[in-house]
Amino acid sequence: MNLVASTEDREFQAQVKDFISDHLTDDIRRAGRLATSVFADPELTMAWQRILHAKGWAAPHWPVEYGGTGWTLSQRAIFAEALINADAPPLIPMGLMMCGPCLIGYGTDTQKNELLPRILSGEDFWCQGYSEPDAGSDLVSLRTSAIRDGDDYIINGSKIWTTYAHHANKMFCLVRTCKESKPQSGISFLLLDMNLPGITVRPIIGLDEAPEQCEVFFENVRVPASQLVGQENQGWTVAKYLLVFERGGLEYAPVLSVQLAKIRQMAQRQNTADRKTLWQQESFQLNFARCQRDIQALEFTEKRIKSALSSGGNPGALSSMTKVIGTELQQKLTELALSCLGAQALIWQPNALVPSQPAQPLGPEYAVTAVPHYLNTRATSIYGGSNEVQRNIIAKMVLGL
Amino acid sequence: MNLVASTEDREFQAQVKDFISDHLTDDIRRAGRLATSVFADPELTMAWQRILHAKGWAAPHWPVEYGGTGWTLSQRAIFAEALINADAPPLIPMGLMMCGPCLIGYGTDTQKNELLPRILSGEDFWCQGYSEPDAGSDLVSLRTSAIRDGDDYIINGSKIWTTYAHHANKMFCLVRTCKESKPQSGISFLLLDMNLPGITVRPIIGLDEAPEQCEVFFENVRVPASQLVGQENQGWTVAKYLLVFERGGLEYAPVLSVQLAKIRQMAQRQNTADRKTLWQQESFQLNFARCQRDIQALEFTEKRIKSALSSGGNPGALSSMTKVIGTELQQKLTELALSCLGAQALIWQPNALVPSQPAQPLGPEYAVTAVPHYLNTRATSIYGGSNEVQRNIIAKMVLGL
Amino acid sequence: MNFELDDEQRLLADSAERFLTQSYSFESRRQRVKQGRQLDHDVWQAFADAGWFHLPFSEAEGGLGGRLQDSMVLMQTLAKGLIIEPLWANTYLAGSLIKRINHPLKQPWLESLMAGKGHFALAVHEYEQAFSITNSCNTLATHEATGYRLNGRKCVVLNAELAQWIFVLANIDDELALLAVERDTAGVHVSGHRLVDGSRAAEVTFNNVLIAEENRLQASGGISLLMQQTLHEAGLALAAEACGIIDALMSTTLAFVKTRKQFGVAIGQFQALQHRLVNMFMMSENCRSLLYAATLKAEERHDDASVVYHRLQAMVAEYGRHIAQECIQLHGGMGMTDEVMVGHYLKRLLCIESLTGDLRHHLLASIEPVSTQANVA
Amino acid sequence: MNFELDDEQRLLADSAERFLTQSYSFESRRQRVKQGRQLDHDVWQAFADAGWFHLPFSEAEGGLGGRLQDSMVLMQTLAKGLIIEPLWANTYLAGSLIKRINHPLKQPWLESLMAGKGHFALAVHEYEQAFSITNSCNTLATHEATGYRLNGRKCVVLNAELAQWIFVLANIDDELALLAVERDTAGVHVSGHRLVDGSRAAEVTFNNVLIAEENRLQASGGISLLMQQTLHEAGLALAAEACGIIDALMSTTLAFVKTRKQFGVAIGQFQALQHRLVNMFMMSENCRSLLYAATLKAEERHDDASVVYHRLQAMVAEYGRHIAQECIQLHGGMGMTDEVMVGHYLKRLLCIESLTGDLRHHLLASIEPVSTQANVA
């Protein structure tokens, strides 16, 4: 066992930091700082993706032949942490993290050649059509149908919780292509253009009053059969691959550490009755210490999983575990932040959250994001397979119950 | 709505307090103080029952004709609280609280005339034979059989978690008298003498190393059929009545309040690094305040249930709720007590817990009971219908799930 | 002891419920929030007509008796509708203050308030200040020949946009003082904004504002005690609202889990969810019990009325948050939208938690100075 | 980074496991607890033969290298058997102290300890004292011509019955001091007793005990730092034991719920229990992660080794208690008996929690003085 970082890694870290400080502009950085969700301002985020793409760093985790960097897992972690520490907005994952790897794994040469470069450059903006009104965590019961008609599929039905569908020009989705077979084997994985006739997008206003999710309706939408990824009726295989990727790929601890450090700074600025700061209150310190402890444990759980991956092991359902722990800690941190701020956090000022031209906030800037972030973060234990479903998975796959 | 106590109640309270301070001897009081379970030292507890019986106060909740007091619910609560505040050991419930009411409800005149006076006087010491090795919270699957043979039943099987079976001369129990009918309708309620041939009692050593529970084995034990209570195969009806009585009859808040007051005194005696007491630590105060808050809420929940009972209402499954809240608060309090004491609580000195001739303890007396009490109290969420089963009941009966 | 509503209270609850059903739909409320209107005059008039502005005031003050229980019933019932109008801020927060002060305008203020005409605000909170009322205050007033000069800034001042008078907590010579400031006075700047729950408040800045000597408010027992009594009475009404919200969350969510299906069954059939719902239910019942306890103890002036009040606040803050968050989780994606009630209930609970003190404040204030034995019931 | 055991560590774990299976049955342990024997010489000799007494000491000290990882593996593995012999008290607690002091007998002490002959005790705890080491101590020593006079009383002194030397934390001139006291000195009274977990300790009173000047222990950096370093090194081994107990609790309980039936099905099929078991499992994995983190950081002398150590202790205390209590609940009535392991594991965890500081102490000590950024892995 050891924790030693190599000299190469330390040199790499310096290089990454230099690049970021040279290229991350103030307004893009503000987009990261003012983000109250994992989805920052789309325009500025895409601007940042273009900068990274120009350097060849938009998709470090892709194979080199498709535009990846060839970095080690350790280098990828260093890069990710440097971005977080610099308040860079996280890149929008639907293309880079979800659709891209899937095409790399299951796409035809035509699909790969045409689509992967446009994902990297940001020319295509993807959204993910999985959930349906009656199939949230339960994808097996999805009903949006794709019926073969000559060289096309005809799509009818609707999708929900489609993040940024109103910004997207492309969707990858799961559709039912066979009703006779077993529920999960009649599903196919399809790509489509969002401007096709018969598609309607209705943004859903969230608790934070921002339209992040959408409902998407399909009425006799014709999609060429060439847009199928993998075999017909084998969409579940492709989807499962994505789900594993989505869950296993994320690391929560680095973001949480930065958030906690910010909470500490906030607490040091709040005054209390006895002319001390909130930070000096024992009860605050104990809450803080528990969060810090739990974040560090998660950090090492994630390192253990990564280390098992490096040496060829299968982290299996342990990624369900980091999803549960990570999201519940995220929620706890947003609560800790609220507990610092009291009544001043209640002021609702969405105009102060627009990173390109933020209005001057009432009160300190750090208080502006606290409530929207708290509210938005309630979703993390719901999406990506609800934490209840994750617990079922762990019970079955890890504990053998 | 109002909380006002009547003048009569206030006079009654004074009368009760006087009686207790005149009659509760030092060694009986010590038995109450040194108890680490709801079951205090049996000998001293029975001595106390005899004193109360002489005054006619051994079973205030029984109908007057059988030896009850005819008190109002409010007077009964005043009496119960006065006993708790005086550290009187709680009377052993199997006869007075469980078998007695049951006989009053379902017994024959012969059974009532013979047995009830001996319960009041303490001449008979009862134990309850319900649980079996494979039927803990799940009484439906009990298997101890009673087969009719002339005027007798022949009993075979075994019971477990039979509190104080090694002290008892009588048992009331549930036995299976019919295997053909539906599981819960083939059960009968039977009384038996513990000295019958074929009965073996094995005390079970608990976590606190005290033999409180027992296993009881029956090998061809002959019990006269006259010992049946209620109809044959209708034991479930009698048992359900008992369970309701056992759950609804208890009030947790008064005991909890006294325990919390003792914890406060302990905390005021513990010194900390900065020459303050533990009581002065903010973190301790917050833990304490939460417990106090929750106890008071429970107190009023119990008052609301009692008030609903007084006006003829049916508190229904709400008694499951006070069982869950009450026992979980008990457990929390024993943890709070431990948190006051640190390493000194680890000293294991059972001899200091014998109320008749206690050994001089190492360290303060209050530290001697903390760990055994903590350990014993883990059982409260298991017995009397586990808290999991209670939650199932509330989900079904109250929430309609 | 008796925990039943009397006939009068039942009528009050019925009328409040009828008002919500007939005149306060979720959709109309959303529209008003979106428009940012400061007051819906029809709604406000309906409150006045129903006599709700008179409820917390004694007959001597011109009110309806001022039984705390009645206000409890009203606030508990109206909670379900998430009233955005400044009923609490004006009637309970400012009202509880006004009834306790000595001031020449006291009676006219009360009368206009009860008539639904007078609007008042109490300015307590400041930026970068964890909850504290009594010991620290960066808004300062200095002596002048004819009174005081006030400088400083208050945040989250409820009802400030409508108020004719703002009562401002300030320091004078290192002592806590309350100043009655007319909103139109030179140097007072009110910058209105929305709160997270859709109601409105304002940042109020005081720039060399001249205050007449008589407008330094006096109360027997001093300003600290006045503030404490005001916050307790108003806070009790707010806690009643929180309990009403908790009830609404529970019934909404129970109805939802009985119909929403996943994996082919109603999600209320899943035991893991059932046990969580049972925990939430037990919490909600405990909140109700403490609400009754705190209200009756305050009404009957028990010695421990104050500590029980703080216990109630500490409980609704902690359990209310837990319940609301669980309700959102149980609603799944729908719970995260502006379209269903649960999220709005959570937002209102966030406000309630912060307005009269934080959890730590309430917990520490809930401990009796000396250990007492259990009381006779 | 690498979290795999190396070959040597695997051998160590195997030998410890073999020892438990072959020579340390639950039944034989119970008998020894009942008899109140202070030491089973066969067991102690087996420890010596296995080289476990040499493990925490460097080669220069005559040991086997003193890699913290090796001790971690040993303590984690032995945990399952609930060793009642004073392996930790003598080798880790006293041993970590001896290796850090300057004293003429230091080397002979270490040698006899490693040979399994020498027994030592560290007397820290006092009655009516919430956890504190550095600032307060009612055991006092006063200056004499030839040394010091010691008066006071220590409680829960592990291994005091067997010890030839007791190291006593005392105050001299309001300064923290450590005195090495021979147990046979006049005025030393050792009153042995059992602890809740079946192991033994003693109350030790000092009545005008004369201590030679040279037996006031010295350490570079002072006594506070010495105590801190000692408790951190020994505490790390103890936390490893706690993690081993947590693992044993989880595997015992998982096996139980898969076989125990209620209402016709294995109770492990109930979703409400499954989710609780998952929470326990996640806690246990987080404990393991922090154990690795704390051990490796201490070994590699990272700046944050100390805060990570305290985080580990705070986590095993809190999560260990939760897990053990849940395991008892899941075992039902059987969990409440002396006859199955789960209750014994809980008892040992109670001891571990109290020996090196309470939860609050560890949490407050786990906060870094300044905010740092996330480190490179």
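Numbers restart at 1 for each chain; the letters A, B, ... are given by sequence-line order, proteins then strands. Source: prediction; values computed, not measured. Worth knowing before you read on, the calculation uses all heavy atoms, side chains too, and leaves out hydrogens, waters and symmetry mates.
Remark: D:R276 CZ to B:E388 CD distance equals 4.5 Å, nearest 0.5 Å. Atoms CG and OG, on D:L363 and B:S283 in that order, are 9.0 Å from each other to the nearest 0.5 Å. The CG atom of B:L341 lies 11.5 Å from the CG atom of D:D358; values are rounded to the nearest 0.5 Å. Atom OG of D:S199 is separated from atom CH2 of B:W348 by 12.5 Å, given to the nearest 0.5 angstrom. In this structure, the separation between OG1 on D:T337 and CH2 on B:W161 is 5.5 Å, given to the nearest 0.5 Å.
At a 4.5 Å heavy-atom cutoff, B:F284 makes no contact with chain D through either its backbone or its side chain. Contact annotation for B:Q213: neither backbone nor side-chain heavy atoms come within less than 4.5 Å of a heavy atom of chain D. With a threshold of 4.5 angstrom between heavy atoms, D:L359 does not approach chain B through any atom at all. At a 4.5 Å heavy-atom cutoff, the contact between B:I347 and chain D is made by backbone and side-chain atoms alike. For D:L355, the part sitting under 4.5 Å from any heavy atom of chain B is the side chain, from C-beta outward, and nothing else.
Cation-pi geometry between B:R391 and D:F270 is not met: the NZ or CZ atom fails to fall both under 6.0 Å from the ring centre and inside 45° of the normal.
Counting heavy-atom pairs closer than 4.5 Å to chain D, the top-ranked of the candidates B:G206, B:A367, B:G342 is B:G206. When D:A272, D:C351, D:C155 are compared by the number of non-hydrogen pairs under 4.5 Å with chain B, D:C351 comes out ahead. For the options B:A267, B:G363, B:P372, heavy-atom pairs under 4.5 Å to chain D are most numerous at B:G363. The candidate with the highest count of non-hydrogen atom pairs below 4.5 Å against chain D, out of B:E212, B:E335, B:Q349, B:Q331, is B:E335. Interface summary for chain B: among D:H344, D:M334, D:E353, D:R153, the most heavy-atom pairs under 4.5 angstrom belong to D:M334.
Salt bridge absent: D:K34 and B:E209 never bring a charged side-chain N and a carboxylate O closer than 4.0 Å. At a threshold of 4.0 Å, the pair D:R360-B:E282 does not count as salt-bridged, since none of the basic side-chain nitrogens sits closer than that to a carboxylate oxygen.
No donor-acceptor pair under 3.5 Å is formed between the side chain of B:N271 and the backbone N or O of D:A130. Using a distance-only test at 3.5 Å, with no hydrogens or angles considered, a donor-acceptor pair links the side chain of D:K347 to the main chain of B:L207. A distance-only check finds no donor-acceptor pair linking the side chain of B:Q344 to the backbone of D:E126 [under 3.5 Å].
Taking every heavy atom of both residues into account, D:M336 and B:N376 meet most closely at CE-O, 3.7 Å. Annotation for D:S191 and B:L362: closest pair OG-CD2, 4.1 Å, computed over non-hydrogen atoms.
Between D:Q329 and B:I382, the closest side-chain pair of non-hydrogen atoms falls below 4.5 Å. The shortest side-chain heavy-atom distance between B:L346 and D:D197 does not fall under the 4.5 Å cut-off. The shortest side-chain heavy-atom distance between B:V389 and D:F263 falls under the 4.5 Å cut-off. In this structure, B:L338 and D:R321 have side chains that are in contact, with non-hydrogen atoms separated by less than 4.5 Å. Side-chain contact check for D:L346 versus B:L375: some heavy-atom pair is nearer than 4.5 Å.
Neither side chain, D:Y127 nor B:Q270, offers a donor N or O lying under 3.5 Å from an acceptor on the other.
Other residues, nucleotides and ligands contribute more than 12 heavy atoms inside 6.0 Å of the CD atom of D:E27. Within 6.0 Å of atom NZ in B:K276, 12 or fewer heavy atoms from other residues, nucleotides or ligands are found, so the atom counts as exposed in its surroundings.
Every ring-ring contact (aromatic ring centres under 6.0 Å, His included) that D:H331 has, sequence neighbours left out, goes to D:F256.
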